[in-house]
Structures are given as C-alpha cells and as structure tokens.
Amino acid sequence: MATMNDMPDHIDELLTAYLDGELRPGELQLVTVHLDGCSNCILAFHELKETRAALRSLPMLRAPESLVPHGHDEIQLSAYLDGELPTTEYRLVFDHLQECADCRANLHELDAARTAIRSLPGLDPPEFLMPASRRVEHKWPAVQVRVAAVAAVAAVAALVVGVRSFPNTAPVSIDLDSFANRHVARASVEPGFQVIPAVHSGGSHP
Amino acid sequence: MSDDLIPTWEDVARSYGRKIYNFAYRLTGNRDDASDLVQEVLLRVRKGLASYTPGSFEGWLWRITRNAFLDSVRKAKRRPTSPLPDDDRISLVSSPSPDEVLASVRLSEDIQSALLKLPLDFRECVVLCDVVGLSYEEIANAVDIPVGTVRSRIHRGRKMLRGLLTWPL
C-alpha cells in the first residue's frame with residue numbers, strides 16, 4: 001500500500017487529471033492505490049469534483065443571431081440520441097431542442113428509425129457453427145448476434161494465429177477436437193468447402 | 001467535424017460560433033467583448049480557410065480563437081465587467097422553481113465572478129476544458145504549451161476557484 005510519503009508532490013495535480021480521465025500510463029494505479037488509503041486525498045478529490053461540476057453547470061449562453069446562425073444539425077441529433085455527445089455539445093443540442101420544433105420532430109423520427117432498426121429479429125447462426133452444449137432456442141437480439149459473430153471470427157483468427165505461431169505448443173484452453181469436428185461437419189454439407197488438416201502437437205487425432 | 005474535410009465558413013459559424021462566444025464571455029465577463037471576438041474569429045477563419053489544409057481542424061480553430069482573444073486583450077484597456085446577461089436566466093431550460101432559478105443564477109454569477117479573478121493563463125485552460133470541452137491535448141495544441149503545463153494550470157485554476165467559492169455549493 002502506498003503511503004503519502006511514497007507519492008510525488010504533485011499528487012493533488014494527479015487527482016485533477018484522474019477526474020478528467022487524463023492520467024498518463026502508469027499513473028492510474030498510483031492514484032487508485034493511494035486513494036484507497038488516504039482520506040485526505042479522498043476529500044480533496046471530492047472537492048475537485050464539486051468544483052468541476054460547478055464550472056460545467058454554467059449555462060451555455062446564446063450568441064447574438066446576427067453573428068451566429070442557430071443551426072439544425074442532424075448529425076448532432078443522432079449523436080445526441082445515442083448519448084455520444086461530449087457534455088458541452090450535449091448542452092448546446094439540448095438547449096436548441098427546447099426552442100426548435102423542427103429539430104424536435106427530426107429527433108422523434110430518428111428515434112423511431114433507430115427503434116425500428118434495433119427491433120430487427122436476431123438470427124441464429126447455422127447449427128454447425130454452434131457447439132452442441134451452447135445451442136440456444138431463443139432468438140438473439142441483432143446486436144448480440146453481431147457481437148457473437150465478431151467474437152467467433154476473432155476466436156477462430158486467434159486460434160489460427162496461435163496454431164501457426166506456436167506450432168509446437170499444445171493449446172491449453174481451446175477444444176481443438178470440437179473445432180475440427182465442426183469443420184469436418186461443415187465440409188460434409190457445403191460443396192467446395194475444403195477440409196484443412198488440423199495441426200496438433202504430438203499424438204494423432206481422428 | 002471530420003478532420004479530413006474543409007468546412008465552409010457557414011459551417012464553422014454554425015457549429016462553433018456559440019462555443020467561441022461562450023469561451024470569450026467566460027474569459028472576459030463582457031458580452032460586447034464576446035461578440036467582438038466571435039466576429040474577429042469568424043473573419044480570420046474566413047480568410048484562413050483559403051489556405052487551410054485538412055488536419056486538426058479544432059486545433060487550428062482554437063489557436064485562431066486564442067490568438068484573437070490575446071490580441072484583443074493587448075489592444076483594449078481592461079473594461080469593467082458587466083452583470084450576467086438575461087441569456088443566463090432564460091437558458092435555464094428545465095422549469096425549476098423560482099428559488100432554484102435564483103440559486104442557479106447566483107451560483108452562475110459567483111462562478112463567473114470567481115473565474116474572472118483567476119490569472120489569465122489558468123482561466124484560459126479551465127474555460128477551454130470545462131466550458132468548451134477540449135481535452136488536455138487539444139488545449140495544449142491550441143495554447144501551444146506542453147500537456148503537463150495544461151494539466152498543472154487546470155488543476156491550479158480549479159483549486160483557486162474552489163477557494164474563491166463559498167462551500168458547500
């Protein structure tokens with residue numbers, strides 16, 4: 001456990017950077033470990049946090065219309081809808097929405113479109129891609145299917161890379177037999193699908 | 001705004017005008033100064049866009065803004081700050097009670113007043129971070145100082161501000 005004496009003089013400054021997510025590599029652990037055991041720094045951190053919150057609560061003033069056209073930005077609206085705007089941008093769009101019926105209507109339409117896209121049914125992958133023990137009967141949401149597909153591709157890629165990179169190292173946690181069986185099964189139903197001989201270290205496999 | 005596209009002057013005015021105005025107002029506490037700065041920045045942007053090559057657009061824009069601000073500080077004598085404009089009151093959008101409105105306005109006035117007491121170097125970094133929403137790296141790029149200096153100025157600025165405000169908020 002780090003003590004106050006172990007900390008650099010600028011620990012206070014690190015707390016501000018920590019609050020802003022601006023610590024350099026290696027500093028995060030220093031700060032979190034220190035915060036774990038130093039009530040003074042916890043107090044200082046909360047005060048810094050309150051100060052920042054106060055600053056960020058300042059209203060965004062409207063510039064004179066003669067200087068700045070008050071815009072309607074659909075890209076901003078989509079990011080607003082998805083919660084992807086930084087705080088200051090969010091406040092600008094939020095303020096604008098209070099006074100602009102056109103943008104409120106646009107936001108409503110974008111929300112409806114997003115809901116429609118997200119309600120698309122998920123599709124189960126072909127059975128030969130699913131391990132028997134993990135097959136599920138329900139329909140997966142589209143997002144989950146996409147994530148699962150990416151994860152599956154990544155897993156296969158990692159497997160191939162791992163096997164090629166370390167041909168003499170037996171995989172520990174990956175069930176190669178199961179993978180090879182599914183691979184062979186796919187070859188039996190898909191004309192033209194080539195069976196690639198599995199690479200194993202030591203011993204033979206069916 | 002994407003870094004590989006050259007925006008039009010109107011895009012810049014629409015997307016950044018309000019931020020530039022708020023940056024200027026929070027630094028000066030003066031609406032006229034803020035309006036002048038927006039005008040000056042947009043003028044410089046209009047001229048500069050002809051020779052602008054795609055890159056870090058925000059870095060380019062905030063360097064212009066900051067230079068325009070420093071030029072205006074050098075030229076103008078310090079003017080007394082004006083009270084908060086009516087805008088501060090009407091942009092409270094969530095229909096709070098009259099007491100809450102009053103408390104918010106007082107808080108805004110207190111913070112603005114405290115901000116104006118910070119040294120300009122600190123105030124500039126704090127405003128770019130907490131009002132404009134730039135990252136430390138973007139601020140370093142705009143102000144042309146190392147990121148470590150940005151970090152130090154933001155920290156010291158907020159800490160001074162904390163000392164100037166009445167706690168708890």
Side-chain angles (χ1 to χ4, degrees), chain A residues 8-24 27 43-76 79 85-100 104, chain B residues 1 10-11 13-22 24-26 31 34-35 38-39 42 84-85 87-94 104-105 107-108 110-112 114-115 126-127 129-137 147-148 150-152 154-159 161-163 165 167-169:
Chain A
D9 290 338
H10 58 282
I11 175 63
D12 241 17
E13 196 177 300
L14 290 182
L15 292 179
T16 291
Y18 177 57
L19 186 63
D20 290 338
E22 295 273 3
L23 284 174
R24 300 183 189 112
E27 291 175 338
L43 187 64
F45 179 74
H46 281 295
E47 287 190 347
L48 288 168
K49 198 172 163 187
E50 274 187 313
T51 308
R52 190 182 78 153
L55 274 163
R56 295 188 174 192
S57 73
L58 284 171
M60 289 297 275
L61 308 180
R62 198 180 307 148
E65 176 88 44
S66 58
L67 286 175
V68 177
H70 295 163
H72 315 265
D73 190 336
E74 287 205 10
I75 295 173
Q76 292 280 78
L85 286 177
T87 312
T88 47
E89 305 264 346
Y90 176 87
R91 283 158 60 194
L92 286 177
V93 176
F94 183 84
D95 285 358
H96 180 71
L97 283 169
Q98 307 307 306
E99 60 206 32
C100 179
R104 281 200 301 276
Chain B
M1 193 168 290
E10 288 80 6
D11 288 339
R14 192 168 40 244
S15 301
Y16 293 99
R18 192 170 177 184
K19 278 190 182 181
I20 296 167
Y21 181 78
N22 277 269
Y25 180 76
R26 295 303 173 197
R31 293 182 75 181
S35 294
V38 173
Q39 261 182 322
L42 292 178
L84 277 177
D87 290 17
D88 234 15
R89 293 161 176 80
I90 61 175
S91 58
L92 297 168
V93 291
S94 54
S104 289
V105 171
L107 178 62
S108 293
D110 287 349
I111 297 169
Q112 179 65 48
L115 261 177
V126 167
V127 169
C129 181
D130 291 324
V131 174
V132 178
L134 299 189
S135 69
Y136 286 11
E137 194 175 342
V147 173
V150 171
R151 176 151 102 168
S152 169
I154 288 173
H155 173 70
R156 292 168 70 189
R158 285 190 191 148
K159 212 170 168 185
L161 198 89
R162 184 184 66 190
L165 293 169
W167 296 89
L169 291 173

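Each chain gets a letter, A, B and so on, in the order the sequences are listed, and its residues count up from 1.
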### A:Leu97, part contacting chain B, at a heavy-atom distance under 4.5 Å
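Neither part.
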### Task
Return the option, out of B:Ser35, B:Ser135, B:Ala114, with the maximum number of heavy-atom pairs under 4.5 Å with chain A.
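Option with the greatest count: B:Ser35.
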#### Entry: Engaged part of B:Val127 at the chain A interface, taking heavy atoms whose separation is under 4.5 Å
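Interface part for B:Val127: neither.
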### Query
By a 4.5 Å heavy-atom criterion (distance strictly below it), what part of B:Leu115 contacts chain A: side chain, backbone, both, or neither?
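Contact with chain A involves the side chain of B:Leu115 alone.
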### Task
Tell me, please, which residues at least two apart from B:Arg156 pass salt bridge (charged side-chain N to carboxylate O under 4.0 Å, His left out).
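Per chain and number, B:Arg156 pairs via salt bridge (charged side-chain N to carboxylate O under 4.0 Å, His left out) with no residue.
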### Query
Excluding sequence neighbours, so at least two apart, what forms ring pair (Phe, Tyr, Trp, His ring centres under 6.0 Å) with A:Tyr18?
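For A:Tyr18, the residues satisfying ring pair (Phe, Tyr, Trp, His ring centres under 6.0 Å) (neighbours in sequence not counted) are A:Phe45.
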### Message
For A:Gln98, is there any backbone N or O sitting under 3.5 Å from a side-chain donor or acceptor partner on A:Arg104?
### Response
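Looks like yes, one N/O pair under 3.5 Å.
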### Message
Go through it in stages, so that I can follow the logic: the residues are A:Asp20 and B:Arg151, the test is salt bridge (charged side-chain N to carboxylate O under 4.0 Å, His left out), and I'd like the CA-CA distance, side-chain angles, deciding distance and then a yes or no.
### Response
CA-CA 10 Å; A:Asp20 290 338; B:Arg151 176 151 102 168; over 6 Å; no
